[in-house]
Amino acid sequence: MNRSDETRLLRQCLNLLDEKSTTLSSEAHHSAVERYTDAVRFDKELSAIHRKLPIAYLHSSELPEPHHFRTVITHVGSVIFSRGDDGIVRAFHNVCRHRGAQVENREAGCSKSFSCPYHAWRYGTNGELLSVPFEETCFPGLDKHQHGLAAIPCVEAYGFIWLCPAAASEQEAHAQLHSHLLEVIDDLTWLGLDKLHVFEKHVRRWKCNWKIVNEGGLETYHFKFAHKSSIGPYFLSNTCVTHQLGAHFRVIMPTEKLKQVQAESVEETNLRDVAHIVYGITPQTTFLVQKAHVDWIQMIPISVDETEIVITQLIPTSRAELSPSEHAHWKRNMEISILTLDEDFELGESIQAGLKSGANKVLTFGRNEGALAKYNQWVEDQLALE
Ligand code: FES
Ligand SMILES: [Fe+2]
């Protein structure tokens, strides 16, 4: 996003403020209840979407140096992400090539090799099989080159490490990621996510379908009601500028500060000073962009009615360099984020609990919730491609 884009978006926010309105679709839409309760459909969504598209699983700052690694549970099982001697991050199935035990049980660490706990086959950070106990006697003729850890293409870009399980090679992974993010690349570059650092992570599972969680981030209709005791008073009611950017969504949510911006001062105003911006990066990533930091929210489908939410606060300074007062500031900020987002997720659980009652055959999206309809249409389009 360049300065003229930012100014144009600010003017769109000011127009809506004048009109006391929001981005409106031409008509209301409906979403069938089965879309959130059908376990067979859920499995299709995983294979058509989550095991197919690039997904960000780590921020680059979580693997700061060569030999740092992390293990992550993904939609293709446990994966080791490892930064090699050459600084390149690689991903491997966390599965031993001998008899299939999990090779690395630690969540994170720094190591030049990975040793399987069962019979100590040892692998390098580039996945190659380095040593096998009693190799000559017990595995004569073993071709170690053919028994490295099974690689999964991944790409480090825009501050994140994206797993691309459907790609056949690193080159194809780069092409897939570029094509998937094409319409948001300018915005991701503008955000400077690669310059941020992880402050803290918060993980919790909620009893609701992953799409319900995503829908909650695409409108501000609920702010004054659902968030009346937290952030609601700081935002304009039912006012947001929404754009679909390829497969993704940008929702600009102006705060009360927008009222201080005069038409003639737009050129000197930063969008992030007067609005929060939600980027819904399909399928399971949301960036909640605030003035000086970004909350990265992962919505990981576990089952048709359960979603794991990982909230990671990304801040401009490395945690180790924070003064005590800066640390307290970000800690407080994280608490506010969790408090506010929990209000959304509790409502997500209440929606899921009501779905089976039969009270609704469909959920209704008003003209002010048009992004929800477009988002769900995108999901349907992916299923149709299968
Ligand atoms: S299963 Fe890993 S060394 Fe045997
Ligand atoms: Fe909310």
Side-chain angles (χ1 to χ4, degrees), residues 22 71 77-78 80 92-106 111 113-124 127-139 142-144 146-150 202 204 206 208 210-240 242 249-255 275-280 286-290 295-297 299 307 309 311 335-352 365-366 368-369 371-372 375:
T22 190
T71 54
S78 177
I80 303 172
F92 306 100
H93 285 287
N94 190 6
V95 175
C96 183
R97 298 300 307 283
H98 174 218
R99 278 169 49 203
Q102 181 160 305
V103 174
E104 184 54 68
N105 294 316
R106 291 170 292 174
S111 179
S113 64
F114 306 106
S115 184
C116 179
Y118 205 173
H119 314 92
W121 283 31
R122 198 165 58 85
Y123 303 89
E128 72 177 312
L129 179 56
L130 298 175
S131 62
V132 171
F134 306 104
E135 179 186 347
E136 283 180 20
T137 322
C138 303
F139 298 91
L142 174 75
D143 182 354
K144 294 224 280 295
Q146 297 299 318
H147 288 80
L149 291 172
H202 175 82
R204 182 169 165 186
W206 296 85
C208 64
W210 67 284
K211 297 188 295 300
I212 289 174
V213 186
N214 269 295
E215 289 167 4
L218 298 176
E219 46 90 2
T220 57
Y221 183 31
H222 69 283
F223 272 31
K224 285 283 190 224
F225 314 110
H227 299 308
K228 61 180 180 295
S229 307
S230 55
I231 58 163
Y234 302 102
F235 285 82
L236 301 187
S237 182
N238 194 32
T239 299
C240 59
T242 307
F249 293 87
R250 179 181 60 208
V251 185
I252 302 171
M253 304 170 159
T255 65
H276 288 188
I277 311 170
V278 164
Y279 284 92
T286 288
F287 297 127
L288 172 51
V289 177
Q290 302 175 50
D295 288 329
W296 167 33
I297 305 159
M299 292 159 291
T307 304
I309 310 280
I311 303 169
E335 285 165 5
I336 293 168
S337 291
I338 292 168
L339 176 80
T340 305
L341 290 164
D342 280 2
E343 290 171 344
D344 291 302
F345 306 145
E346 280 160 16
L347 281 158
E349 286 197 335
S350 94
I351 293 170
Q352 190 74 34
F365 304 143
N368 55 347
E369 298 165 303
L372 282 70
Y375 160 70

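Counting convention: from 1, in listed order, for ligands and their atoms alike. Just so it is clear, the structure is predicted and the values come from calculations on it, not from any experiment.
Across all non-hydrogen atoms, the minimal contact from Cys240 to Thr22 is N-OG1, 2.9 Å. Annotation for Leu218 and Asn214: closest pair CG-O, 3.6 Å, computed over non-hydrogen atoms. Considering all non-hydrogen atoms of both residues, Tyr123 and His147 come closest at CE2-O, 3.5 Å.
Excluding waters, the set of protein N, O or S atoms lying under 2.8 Å from the Fe ion (ligand 2) comprises His222 NE2, His227 NE2, Asp344 OD1, Asp344 OD2.
The aromatic ring centroids of His227 and Phe235 lie 6.0 Å or more from each other. Note: Phe134 and His119 fail the aromatic proximity criterion, with ring centroids not under 6.0 Å apart.
No donor-acceptor distance shorter than 3.5 angstrom exists from the side chain of Thr340 to the backbone of Ile338, with no hydrogens or angles considered. A donor-acceptor contact shorter than 3.5 Å is absent between the side chain of Glu349 and the backbone of Glu346. Glu128 places no side-chain N or O within 3.5 Å of a backbone atom of Leu130 that could act as its donor or acceptor partner.
Tally of protein N, O or S atoms closer to atom 2 (Fe) of ligand 1 than 2.8 Å: 2.
No side-chain heavy atom of Ser337 sits under 4.5 Å from any side-chain heavy atom of Leu288.
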